[in-house]
Amino acid sequence: MPEAAVAGNGAEAKMRVWRGDASGGEFRDYSVPLEEGMVVLDVIHSIQAMHAGDLAVRWNCKAGKCGSCSAEVNGKPRLMCMTRMNTFEPGETITVSPIKTFPLIRDLVTDVSYNYEKAKSVPPFKPKPKEADGTRRMYQEDIDRVQEFHKCIECFLCQNVCHVIRDHDDNKPSFAGPRFFVRVASLEMHPLDTDDRLEFLRKEAGLGFCNITKCCTEVCPENIKITDNSIIPLKERVVTRFYDPIARLLGALGGKRS
Amino acid sequence: MSSIAIDSKRTLRQDTWWLEPMLVVLGLGCFALYSTWAALQNGDYYAAPYLSPFYSPCLAINCAHVSVPLFGEWYNWSPAILILWIPGGFRLTCYYYRKAYYRSFFWSPPACAVKDAASSYSGETRFPFILQNIHRYFFWASLPILAFLWWDAIIAFNFGGSFGIGLGTLVLIANAALLSLYSFSCHSCRHLCGGGLNSFKAAPGRFKLWGIVTKLNEKHMQIAWVSLVWVGLTDAYVRLVATGVIQDLRII
C-alpha cells in the first residue's frame, strides 16, 4: 500500500476541486490530512469541514449504492465514494470536477433532470394476463438474463460518459442514453412483458446514435455489461425488425414477433 | 448545456489514454496494408498442399489451386478480390472492430471522457454507417468460407497422395479454428442463436446454444485480434514457402 494511505504519518491529500457555478468558476487547490481507508468523498468532506464549508457536493449512502456522488476524478467518471485514495500515487494532486454532460448547478453538483425526463419516455412494463390459476409464471433461465439490468443504481455515469450527448449537446432531445437502453432491455427481454418498444428504440430513443464504443460499460460501478448485454442485443432486435428483410419474411411466415 | 468546468479542454484525464487508440491504428493499419498487398499479388498463394486463406476459396479457372471454377478464363485479376470482401465486410461491420476503429481512426471518441474530434455526430443513423446493420448477412456469408478453410486444412494432410503433416498443416488448422471461433463468437451469431428470444424456457436447445455463444462472445475482442494476426501469418507462411524463402517443416 502506498505510504500516502497510511494513517498517522502526517500524509496529506492534495486536491484540485472545481469551484463555481453556471456563470463561471475555477479549480482551487486544497490540502487535508489523509487517513487510512479514505475515499475521495471522505477527502471532499474534510475539505468542507476544514477549508470550504460552502463546497457543494451531492452524496448519500457512501456505499456505492445510491448513485449520488458521481464526479470526474482525474478526468475519469467515478463514484467518489468508491474511489479509494490509496489507488493514487503518494503526493499526486487529484483533480475532482463535476460530471460534464449535465448543466452545472454549483461546484460538484449538476442538474441531472435530463435523465428523469428520458425515464418518463420509456413505455412501462405491460405484463401478460394471469394464467387460469391466477398466477404468472417465470422461469429462472429467463430471469437470470434481466437480473443484471436490475443492478443499475442510476448514478448516470454511463449517461455522462456517453459521447453522443457529452460532446454533442444537440443530440439530447433525440437520444435516451445507455441507462435507458438498459431499462428497455430489462423490459424487452422480460418473459412476461407484452409491449413492443423497437420502434421507440429506433426513433424516439435514438439507438442508432450509439456507436458501441463501450465507455458506458467501462464506467459502470455495478459492472453491468451495458453494451454487450443490452445495447447490442437491442440493436440486433432492431435489425431484425427494420433492416433484415429475410428475418421479416420468416417472422411473417411464422406469425410471431421477434 | 454541459457543465462548464471542463468544456474548453479535450480531457482532464492524466493517464496514457492515447496509447490504446495508437496501438489499434498500428495493428489494424499494418494488417490492412499487408492484406491489400498480398491480395493484389495474384501469385505465390499456393505451395502444395497449402492454399493461402486470402485466396480461399479460389473461384477462378486461372487459380493456382482451383476450389470452385466459377469464373472463366476471362478473369485475370487476383482471385483474392472475389472473396476477401466477405471476411473484410464481416470484420468491418463487427461490433468489436466498430468500437476499435471508431475510437482509433475517427476519434469518436478517442477514449472515454476524451472529447470527440468532430463537432457534429449522427452515429449509425445515417449513410454510410447505417449499413453496419447488415453485419448478420456477412456472418451468414462467412460460413461457406469457413467450410472451405476447413477443407483446405484437411487437404493439407495430403502430400502428393500420401498422408503427412507439415508445419503448414498445423498453421492452416489453427487458422480455420481461430476464424471459426471468431465467427461463432460474433454478437449477431449470439442473437441468432437465442438472444432474440424473450423466453428461453420455450426453446431449451437454443438457450443452450446461446449460453455457449455467450461464453465465446465474452472473449470476442481477444479472438478477433488473435485470428486477425494468425490469418495474416498463415498467408505469410504459405507465401514464404511458395517463393522458396523457407522450406516447409515436415513433421510426419
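What's counted below: heavy atoms across the whole structure, side chains too, no hydrogens, waters or symmetry copies. Each chain gets a letter, A, B and so on, in the order the sequences are listed, and its residues count up from 1.
You'll find the ring centres of B:Trp150 and B:Phe148 outside the 6.0 Å limit. Proximity of the aromatic rings of B:Phe90 and B:Tyr182 is defined here by a centroid distance below 6.0 angstrom, and this criterion is met. The aromatic ring centres of A:His168 and A:Phe175 sit 6.0 Å or more apart.
If you measure heavy-atom distances from B:Ser108 to chain A, the contacts under 4.5 Å come from both the backbone and the side chain. Residue contact with chain B, scored on non-hydrogen atoms closer than 4.5 Å, involves the backbone of A:Thr93 exclusively. Proximity to chain A (any heavy atom under 4.5 Å) is shown, for B:Gln132, by neither the backbone nor the side chain. Residue A:Arg202 does not touch chain B at all, counting heavy-atom pairs closer than 4.5 Å. Using a 4.5 Å cut-off between heavy atoms, A:Asn160 makes no contact with chain B at all. The contact between A:Ile246 and chain B is made by backbone and side chain atoms together, counting heavy-atom distances below 4.5 Å. Interface remark: B:Trp140 contributes no atoms to any contact with chain A (heavy atom separation under 4.5 Å). In this structure, the portion of A:Asn171 lying under 4.5 Å from any heavy atom of chain B is its side chain and not its backbone. Using a 4.5 Å cut-off between heavy atoms, B:Ile134 does not touch chain A at all. Residue B:Phe207 touches chain A through its side chain alone, counting heavy-atom pairs closer than 4.5 Å. With a 4.5 Å cut-off on non-hydrogen atoms, B:Phe106 does not touch chain A at all. No part of B:Arg126 comes within reach of chain A, as not one of its non-hydrogen atoms sits under 4.5 angstrom from that chain. When heavy atoms are compared at a cutoff of 4.5 Å, A:Tyr139 approaches chain B solely by way of its side chain, counted from C-beta outward. With a 4.5 Å cut-off on non-hydrogen atoms, A:Glu218 touches chain B through its side chain but not through its backbone.
When A:Cys216, A:Cys210, A:Pro233, A:Cys162 are compared by the number of non-hydrogen pairs under 4.5 Å with chain B, A:Cys210 comes out ahead. Of all the listed residues (A:Leu234, A:Val164, A:Thr227, A:Thr95), the one sharing the greatest number of non-hydrogen pairs under 4.5 Å with chain B is A:Val164. The candidate from A:Lys235, A:Arg145, A:Lys76 with the greatest count of non-hydrogen atom pairs under 4.5 Å with chain B is A:Arg145. Considering only heavy-atom pairs separated by less than 4.5 Å from chain B, the leading option among A:Met189, A:Glu141, A:Glu26 is A:Glu141. Counting heavy-atom pairs under 4.5 Å between each of B:Lys99, B:Arg13, B:Arg190, B:Lys201 and chain A puts B:Lys201 at the top. Of all the listed residues (B:Ala100, B:Ala113, B:Ala111, B:Ser122), the one sharing the greatest number of non-hydrogen pairs under 4.5 Å with chain A is B:Ala113.
Less than 2.5 Å separates the SG atom of A:Cys215 from that of B:Cys112. Taken together, the cysteine pair B:Cys63 and B:Cys58 places its SG atoms within less than 2.5 Å of each other.
The closest side-chain donor-acceptor pair between A:Arg248 and A:Tyr243, if any, does not fall under 3.5 angstrom. Looking only at atom types and distance, the side chain of B:Asn198 has a donor-acceptor partner in the side chain of A:Arg237 under 3.5 Å away. A side-chain donor-acceptor contact under 3.5 Å links B:Tyr137 and A:Asp244.
Applying the 6.0 Å contact sphere to CH2 of B:Trp151 captures no more than 12 heavy atoms from other residues, nucleotides or ligands. Around NZ of A:Lys118, the count of heavy atoms belonging to other residues, nucleotides or ligands within 6.0 Å exceeds 12.
Within the 4.5 Å cutoff, side-chain heavy atoms of A:Val96 are placed close to those of A:Leu108.
Relative ring orientation between B:Trp37 and B:Tyr34 is described as tilted, the plane-to-plane angle lying within the 30° to 60° band.
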